[in-house]
Structures are given as C-alpha cells and as structure tokens.
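Below is one structure, written out as structure tokens; comments come after it.
Just so it is clear, the values below take in all heavy atoms, side chains as well, and ignore hydrogens, waters and symmetry mates.
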Amino acid sequence: MGRLFDFMLPENKSPLTADSTDGLFHFINEVSLILLIGITFALIYFAFKYKRKSEDDKTPLITHNNTLEITWSVIPLLITLVIFGWGYSGWLNLKAVPDDAYEIQVTGFKWNWAVNYENGAQTLNEIHVPKGRPVKIVLQSRDVLHSFFVPDYRVKHDAVPGRYTYVWFQAEEVGESVVFCTEYCGTSHSDMLAKIIVHEPEDFETWLELNGGGPSGTPVEQGEALVVQQGCQTCHSVDGSAGLAPTFKGLFGKEEQLNDGSSLTVDENYLRESILNPGAKVVNGYENIMPPYEGILSDDEITNIIEYIKTLE
Amino acid sequence: MAAAQSKNMTTLQVKRFKPSENPTNTYLTDEKGVWAWMTTVDHKKIGLMYLVAVAFFFALAGFLAIALRTELWTPAKTFIEADTYNQLFTLHGAMMVFFVLVPSIPAALGNFVLPMQLGAKDVAFPRLNLASFYIYVIGAVFTFISLANNGFDTGWTFYTPYSSDTNSLGVIWVTLGVFILGFSSILTGTNFITTIHKLRAPGITWDKLPLNIWALYATSVIQVLATPVLAITILLLSMENILDIGIFDPAKGGDPVLYQHFFWFYSHPAVYIMIVPGFGIISEVITTFSKKHIFGYWAIALSSLAIAFIGFLVWGHHMFTSGQSAVATTVFSFLTFLVGIPTGIKILNWVATLYKGSIEMKTPMLYVFIFLFLFTIGGFTGIMLGALSVDIHLHDTYYVVAHFHYVMMGGTLMALLAGLHYWWPKMTGKMYNETLGKISAVLIFIGFNMTFLPQFVMGAQGMPRRYYNYIDQFQPFHQTSTIGSYILGAAFLIILYYLVRSLFGGEKASANPWNSRGLEWQATSPPDFHNFDHTPVVINGPYDYHKPMEEFQLGLAVEHNGHGHGEHHEVKTDQTEKA
Amino acid sequence: MSEHNHEHHVATAKQLWLIGGGLFVLTILTVVVSNLGLPSPFDIISALVIAFGKAYLVAAFFMGLYWDTKFNSLLLIGALVFFILMVTVTLLDTMYRQDVVPSF
Amino acid sequence: MANHSASHPAHVQHHFVDSDQQFESAKMGMWVFLVNEILFFGGLFCAYIVFRAWYPELFTQAALELNKLWGGVNTIVLIGSSLTVAMAIRSAQKNQIKGLRINLLITIALACVFMVIKYFEYEHKLHLGIAPGSFWNPTPEILEELSHPKANIFFGIYYMMTGVHGLHVLVGIGLMIWLYIRAGKGHFSSEYYTPVEITGLYWHLVDLIWIFLFPLLYLIE
Ligand code: HEA
Ligand code: HEA
Ligand code: CUA
Ligand SMILES: [Cu+2]
C-alpha cells in the first residue's frame, strides 16, 4: 500500500468490509489535496502578482466567463458522481451479509455490550469470533440509542431500542480489536467499550464448548457470574469503593436512606424490587439511572444474585 | 418602485452627495442612555446589541471549549467529572450553534448593513426587529434556567430517547428555550425578505443587488422554511418529556429515527443558515480589496439560492448509520454531493475575481484568504462524509468534529471576522489597529489548524466524539489540539483588546476608508440616524470598480435629521446630474 | 415592485357570501361522502380533494390572493412545495425500512 | 421610494415612502409569516402521515372515538368566522367602522363557540381516560374499542394538532379584541386598515388548517 494518507487509518483487519472504504478514503483525500493545492496556489500567486501598487490602480472589467464557469461546475460534478458510485457500492457490500455468516446477538445497554451466542454462551464486553469466517452481529438496545463501531473493520451501526440492526465483518488475523460506542448515551458513554477477540476456528469451537450451555456452579457462583455478565459492576462495586451506585459490599441488612426521606432495612424483597424496578425506591444521594431488569433476569437468576450479594459482607 | 418614481419625475433632481467626513449627528449620538438603547427600533442599534450578545455567548461557549480541551489533556479524568464534561460539550455546541452562529451574521452584521445596502432607512418592521432581539434574550434566559435545573447533557442534537428519559427538567427548559429562540430567527428572516422586496432605493434592480443581500435573502428563505419545523420538533420533544406522548419514544411505541428526521430537516438547512451569509460577506470584502468587479455575479447570486434549495433535501446524511431505510440513505447520499457544486462555483469565482485585481492585504482580506483555505478543507471533508461507505467509518468520530469546526469556525467565523473588521469603521466611526489585526489573524490561523487538523487524523483512526475518556493511543493528538485551542483563545483576546481600545482611542474613520463602491459606504461613518441624509439613487452595480466614485454618490433630496414624521424636506433642484 | 395603485380590491358582499355558502356546502359534502364508506384509498382522496377545494376558496377569495400580487401566491405555493418535499423524503425512509438493499 | 414631498399621513411610519408601500409590505410580511406557520403545522402533519402510513387500522379505529358531528359543527363555525372577518375587512375598506366592529364581534363570538365546543370534546375524552401521554388511562370499555397497542400515539398526535391549533385560535381572539378596541378609538379608516387586513390573513390560515384537520382526524374510517 504505502499511500499518502495511510497514516490516517487504523490497521485494516477485515479486508472484505474495509478495502472499498479505504480505497475511496484515499481517493477523496488525493483529489481534495490536488484541488486544495491548486486553489491555495492561485490565491497566493494572485495576492503577490496583483498586489496593489497605487491607490488609483485601474482594474479591468471582467464580469464572467461562461466556458470557465461551466467547466468548473461540470468537473466537480463528474468527480462527485464517481465518489457517489464508489461509496454506494462499498456500502451495498457492507449491507449484504454473506450467507454463511456466523450470527452473534449483541445487546447494548447503559453502558455495556451483552453478547449471546447460539449455544447459550454469554459474555459481557467481549465478543469471541472465529478467524476467516464472516460474522454477523445482530444489534439491539435495551434503553437508549447506542452505536457499535469497530474501527479496524470500518463497520458501524446504531443499536436502536425496539428494532434489530446488524453489521458484518470477516476478521483475517487472530488478535483483538476494540469496539466503541459512538452514539452518546450518558455518563459512561466513553467507557462503553468492548473487545473483539479473534480465534483460530478450532480454538473458537473449543471456547464455545467450554462456555456454552448455560451457567453452572453453586447459586452464589452463578450469582457472581451474573453480576459480571449483566454489567452491574459498571455502577456497583463489590469491594466497597464508591461508584455511580451504592456498593454491594455490606448492603444486605443495612439501613438504607431513600430520597423521599424514608428509610428501610435491606432485605430480599427490597433487593428484588430494586433489581426489577429500580425507580420504585431510589437511594438517597443517587440518581435513578439504573435500567430495570424486568424481563431480562429470571426469578432464579435474581435469587442467585441476591444470594451472592448476601455473601459480600 | 418604478411607478412611484415616474409619478413625480418632473419635480425630482438627482444630485451628487459626498458623505460628510465630520458628521455632527450620528445614530450613536442621536439618542443616549440605556433606556433609549433598549427601546430603540433603529436597525443599526439593534444590530449592535445583537453583536454584543453574540460576542458574549461566543466568549462563553469558547471558554467552555477551552475547558473541554483541557479535560482531554489526559486519557482519564484531568479535572472535571464525566457528567460535567457531557454537559459542557452539549452547552458548548448548543450555544455556538443557536446563540452564536445562527444569529451572528444575519442578525448582527446583517441588521446593520442590510437596510443601508438597500438605501432604506430601516427594515420593513422595525418593532418586530426589536422584538426578535428580546425573544433571543428570553431564549437565553430559559437556557440559563435550565442550567440551574440540573442542566442538560444530551448533545446539541437532543436525540431521543436519551433526551426524553434522563434529567428531564433541564432538558425541558432548554428545549423550550430553543423553541422560543427559533421565533427570533423566523422574525428576522421574515423582516429581511420583506425589506428586500419592498424597500429598495430607486434604481436597485435585482441585478444591482449586492451579493451580500442575495446571500441574506437565501438565508432568510431557509430560516422561514426550516425553523418552524425545528420549533414543532422541539415542542414535540418537550411534550415527550412533560407528557410522555410517545411519538418518538420507542418504549411507548414511537420511533426515535423519526425524531432524527425532524431534527435534521431543520439542522441541515441550518448549517446553510450559518454559512451562506458568510458567503455574502466574502463577496463584498474580496471585491473591495481587489478593487475589481466580482467574477460571475449571477452565478454567485443564484448559487446561494441553489444551495438553499438543495440543502433541504440532504438532511439524511446525518443518519447513515441510524437505521433509516436503504432507499433513503442512497438518495440522501446522492443529493449531498450536489450541494458541493454551487459551493464550488462560488469558491472558484472568488479566486477568479482576484485575477488582475489590485489586491490590498488589509485584515478583512486576510480573513477572506483564511476563509477560502479553511472552508475548502471543511467542504472537501464534507464530501468525504457524504460518501456512504466512508461515512459508516467516520460517523460520530472526531473526523466529523473536525469537519464542522472547519466549516463553522474556519468558514462562518472567519467570514464574520472579515465582516466585523470591514464594517467596523462604519459601525463605530473608528479604525482598529491594523498591525494587531494581522497578527491575531495569523495566530488564529495557526491555532485553528493546530486544534483541528489532528482531529481529522484521530477521527479517521477511530476516536469517537463526545468521549470523556479515551484510549491512550490518541493522547498526542489530543494534546496538540489542546495547545492549539489555547493559542486560539489568546488570539481572540488580542482581538477583543484592540477592538475595545479602538472605541476609545482609535483613529477616526473616514466615510469610505476602503474606497468601496458599496452603497453603505456612501453614508457618513458612523451613519446618520436615517442612514443617508438623502434618498440614494443607484444607477451602477455595487461592484463597478471601473467607474469613477462620483457616480456612486448620487441621491435625491435632502432630508432633515431625526425622526421623519410629517412634512419635511424640499426637493433640491440645483446641481443636476443626469441619471 | 408595487405596480399596485392606491385602490385595494374590495370584494362585494355577494361574493363573500357566495364563497361562504360554497364552503358550508363543501363541509356538508365531505361529511356525507365520508359516511358513504368508500373503499380505502378513495375515502382519503375524496376528503382531501374537497379539503383542497375549500382551501382554494379561502385562499383565493377570503385571503384575496386572486386579486393580489402573484408573489404572495408564490409564497403559499412555495410553502406547500416544501411541506410536500419534507413528507415525501421522510416517507422514503419510513415506508422502505424492510428492504435490506434498495431494489432499483 | 421617491415622493418625499407628498403629505405623510400620521399612520405611515418614517421609513416608508407612502401608505401603499407600508400596506403592501405589511401584507407580504404576513404572508411570509404564514409560510412559516404552514411548515410549523407541516411538522405535525408529517408525523400524522408517517404514523398513518404505518398503522392505517389504528387511525380508522381511533377516529371512531372522535365526534364527527361536533367536529363538523366546529368546521362550520370556523368557516363562518372566516366569512365575518372577510366582511370586517370589507367594512373597513368602505370606511364603515360600525360594520367593522360588529363583524369583529361576531368573529370573536364564533371563535369562542369553537373553543367551547373544543373544551367539551376534550373534557369528554379526558373523562374516558383518553388522555395524552402518561395520563393515558382509558376505561375498560374504551380500551375494548381502542384495542390497538399504539392508540396512545394517535391521541398524542391528536392532542398536539388540535392543541396547537386551539392556541392559534386563542391568539386570534386576542388579536381581534385588540382590533375591536382600536376600531373603537377610530384608528382605522379606508385609508388605513392594515392591522385588520393582516389579522384577517392570520385568521383565515387558522381556518385553513382546520379545514385539513377535520377530515384527517375525524372523517376517516
Ligand atoms: C457551516 C456549517 C456547515 C457546512 C457549510 C457544511 C457543509 C457540508 N457538510 Fe457538514 N456538518 C456540519 C456543518 C456544516 N457542514 C455540522 C455542524 C455537522 C455535524 C452535526 C453533528 O452531528 O453534530 C456536519 C456533519 C456533516 C455530515 C454528517 C457526518 C456524520 O455525522 O456522519 C455530512 C455527511 O454527508 C456532511 C456533509 C457536508 C457537505 C457535503 C457539505 C457541503 O456543503 C460542502 C461543500 C463545499 C465544498 C465541496 C468545497 C468547495 C468546492 C470546490 C472547491 C469545488 C470542487 C468540489 C468537488 C470536486 C466536490 N456534514
Ligand atoms: C460555531 C460553532 C463552533 C465554534 C466556533 C467552536 C469552537 C471550538 N470548539 Fe466546538 N463544537 C461545536 C461548535 C463550535 N465549536 C459543536 C456544534 C459541537 C458539537 C457538540 C455536541 O457534540 O453536541 C462542538 C464540539 C466540540 C468538541 C468535541 C467535544 C466532544 O465531542 O467530546 C471539541 C473538542 O475539542 C470542541 C472544541 C472547540 C474549540 C477548542 C473551539 C475554539 O475554536 C474556541 C475558541 C474560542 C475561544 C477560546 C473564545 C475566546 C473569546 C474571548 C476570549 C473573548 C473575545 C471575544 C470577541 C473577540 C468577540 N468543540
Ligand atoms: Cu452507548 Cu454510547
Ligand atoms: Cu448536514
């Protein structure tokens, strides 16, 4: 490659989706640079050549020149037509998912990406994918708009509540790529990152096997896993340190001050309500920013989380 | 006008009026006192009041920008919390757009020069003009009330559902504020359109209209057509907040993408509300300082209207990744490029105007050169963003941030500075310090590129916008950018310094220090309360630099100063010049 | 601009009553038509045709566009044109959300 | 812009050359403002069209909850008021100040009738729990008729459209009272009736909007 504007782009790790984009990016930059140099040169040249000599300089009357003006309307028009066509075809390619794509469900919510695989495996903010195979990420959102952006693959799409959207790519090297959230979504928008981890196909299969088939372990262990997976720790710490929300450490049995002035002792029912419908009782000094987990966590799962919280003394 | 003119032709004489170099009675000395200023219906004073307000908000929003940039010095927290940062960029963007750029050229400079360039005594509806200023002030008050009620952190775009389910109180206040502000803009537009149609001095036919007027005309058309849609959108948004009516909120069955359509239906044309008046200034300044007829008058005049029109059909280019339909995306991308053509015609015609001119690099001209360079970069990167596949990668990254600063700051603001320096002698009767003017222009150029060029690179590398924390690899770019912004801040302080100083100790300006052929320069500096002490008669185009100055100093009759009610003035019959 | 002389057009009382009467009749007509229960697209079409008819009467005669300078009519038409543009272009999105790739 | 020696009647502001220029400017200014009104309502109509295209069945179902009869009566009332405003302008043009005042009074009365009917319509709906947004709480019987899951959106649009329109009616009433008072003070004549003319234009637009709202909201089934 070694093109003039290479330094501007991140490494291309998914040529199938990135090549056309990169080519066009370079093309526009180069054309623009040439035109810009032309214009700038003309400006500077005229400024010196026709510098005012005396107060009563006479200037010729040149009102217009149709040939010139038409030329510099038609040439840009042609250039933009090329750019449009190129951009359009590249974009069609971004929309057209190959048939054999491997599908992964990704849900954005404040401020995490929850990832679900076909065999029931779940991860948070980590997307494991096989190398050399097209992957289709099906996006959805639980609360507000988010946007799924992988610079290395040149793909991006908004996650819209109430709808499914998607992106696809095909990673060609084992390694990691960063995922950003690029639609403003509140306090920790800039921390809503994820990692795409590309495995050799065989390694990916083993990874899936190991993590598939739902949770295992004691209720407390399952609860702990859920707290990690569901992103509770974005806001709640488990070690007593401060955050956007009250820490889980020492929570159970504690006397809690609510923002309406009342107080209560934290028990199972309160915890359950706080998880399902956090807006019902808001802790004093905090804002009601926690998403409701109604319909997202099952009763068993909530019980497990509560069991886990109880152990954090 | 023709009819009215011919009716009394027999008694009218056209005479040469040379503007007095030592006016005794000007609009600044006419009425004094705070109350007189606050209740004035004089377009010039209202223009100045707008100018002060705009400068105030610019300084405030610029100060916020400095705070933003300082926070971004390190990848994690530098000195403010994430929530504060989010409010800062929202406030910075909203203020710069709604309180600075939209009113800056039309309502501040435009108000001042538009009637003068038309040879009129005032705009068509002077009281409405004052009302629109106060509406603007009320809009500002609402925004400050919002700040006292939790503020707002939605980004200047107020996207739902984020804006309708967080922090409601602050958002409600600010959306109502923007709603009110919209009417200020609408009234200005209405006023200008009517004035341009109905109040032109004898002889100003459509082909003798200064290009600045054409630009303001196109702008007003956009203001009148687009702003009401913003008003209703923002009203719906407030109702979404207050009543939860659910048109946009997906939780209630609404469609958030519809909100984006409504918002951008205004806000894309709005970017042309911001830039097109700038184009007008460029045409005036570039001809004045190259003492040459504009190249391609009609192309420049009509391309403003073309931009205004096409500008209404491209709003969806902000929504390529939003989940709008593929058909819409394709159409929007295609139409986006078409805006580049009329804009390009303008740029190239301005360059061609310089050819064989008599170019003098005074400060306003320097800003025009800076404008041409920076805006072209901004425009080209706009084309980059219009390209479908590339925008998928660049959307909502710092590349977009850099693009719009190049067009808004490198474009509009540079044009504004050009116009401010250009008309400063007319407005205040004082000359600013030319040396300091040039020094600060150069500083701005350096500071600006240092601030925003690195943003192109990091944006293309993947740095998302509205990010409080970022990954380490972007730090060098952010730091360069931050240093650049400090240079910018210093440059603006210099400008503030020498402009304020010129008011008190500046050299007195002559009526026409630049030897311009523009009609506004045929009044005294500063002008009389009624602009001209005669009714100007126009027989030459505003760019006829090949003709002697005398021909531009024609007028009818003398009027007395002050408020012209009742029977005044006699028609002078001496010193006839053939019209 | 103002080729107009000092005489403003004064509509006769008869003209105004005629227009008013026409509007009443059209209002009743539109209710009647809606009660006929026309099949799907035609109900809207008929309602809109009548509404536009009424709008024309109001704009042309009550608002005096018929006698006024053409520019004011142009303003009204311009507003409608931009409204229609806004709607059609928005519909380009909302009506075609299902298609993955445009088919043309 | 020439005739400066001609007499300058008191109502002509200093920056206009003559009465005619002032009148034409005011009228054109009003038209430009009406353009903006049309696009203002245009946003609401656009939302209406989009949702109607998505859920036609919702609109036919929800329209049943609106009372055609009262909607029709209101249309007639508003058209009547448009007629009287036109008559008012005619009176002014013919220097019949008394006729002007009477016509204005009738217009104000009709506008008030419109608002009263609107009030009862709203009242009735709110009573049934067909309220906007978070107040949406229809009684069980109503809920049966309004089974569509997005029924709240129709009424969101309905309340916005009729509400904003109603506000315009109120503003119109205010303007007309102001005209009435000024007419009483003898401010208007056949020489100068600009405020009457442009308020008339505004009022006709309010009527125009209703002419479209009525079939679109009430008459679809
Ligand atoms: C003054 C304001 C202004 C102006 C004038 C423009 C001008 C243009 N803008 Fe910009 N734009 C903004 C302000 C402005 N923009 C803002 C504020 C945003 C971000 C909003 C947000 O999300 O917060 C934005 C975002 C934005 C996007 C969305 C990016 C994204 O979010 O993904 C796009 C995409 O198409 C775009 C395109 C364009 C184009 C094509 C032009 C064209 O008008 C440019 C035309 C000019 C030229 C092309 C240069 C001169 C031409 C020649 C010398 C001739 C030769 C030309 C060719 C060969 C093409 N802009
Ligand atoms: C007119 C438009 C305008 C202007 C001029 C500016 C000017 C500046 N902007 Fe702004 N910016 C926006 C419009 C503008 N911006 C918008 C719309 C957004 C998007 C917001 C969003 O995402 O919602 C944005 C976002 C934005 C961001 C991105 C934030 C993020 O995404 O996280 C950044 C970051 O660097 C930034 C920086 C700056 C800087 C350093 C300046 C500097 O150029 C400022 C320099 C000015 C000063 C330092 C003021 C000094 C003045 C005085 C001392 C008084 C003198 C007074 C007179 C001479 C009259 N801006
Ligand atoms: Cu999620 Cu930003
Ligand atoms: Cu745009």
Can you tell which part of N288(A) gets under 4.5 Å to a heavy atom of chain B, answering side chain, backbone, both or neither?
neither
Does any heavy atom of chain A fall under 4.5 Å from the side chain of [X], the backbone, both, or neither of them?
X	result
N349(B)	both
S290(B)	backbone
I341(B)	side chain
T397(B)	side chain
L394(B)	both
F89(B)	side chain
M361(B)	side chain

Is any side-chain heavy atom of K156(A) closer than 4.5 Å to one of T182(A)?
yes
Under a 4.5 Å cut-off applied to non-hydrogen side-chain atoms, are F84(A) and S333(B) in contact?
yes
Mutual orientation of the aromatic rings belonging to [X] and [Y] [parallel < 30°, tilted 30-60°, perpendicular > 60°]:
X	Y	answer
Y468(B)	Y85(B)	tilted
Y355(B)	F46(A)	tilted
F180(A)	F149(A)	tilted
H546(B)	H293(B)	tilted

Under a 4.5 Å heavy-atom cutoff, which of [options] has the most pairs with chain A?
options	result
T329(B), D544(B), D391(B), T160(B)	T329(B)
A299(B), P342(B), S322(B)	S322(B)
M458(B), E360(B), Q461(B)	Q461(B)
I347(B), T336(B), L354(B), D255(B)	L354(B)
T157(B), T381(B), I294(B)	I294(B)

Is any side-chain N of the basic residue among D396(B) and R465(B) closer than 4.0 Å to the acidic one's carboxylate O?
yes
Please say which of F169(A), F148(A), W168(A) ends up in a ring pair (Phe, Tyr, Trp, His ring centres under 6.0 Å) with Y153(A).
F169(A)
Measure the OH-OH distance between Y543(B) and Y545(B) for me, rounded to the nearest 0.5 Å.
8.0 Å
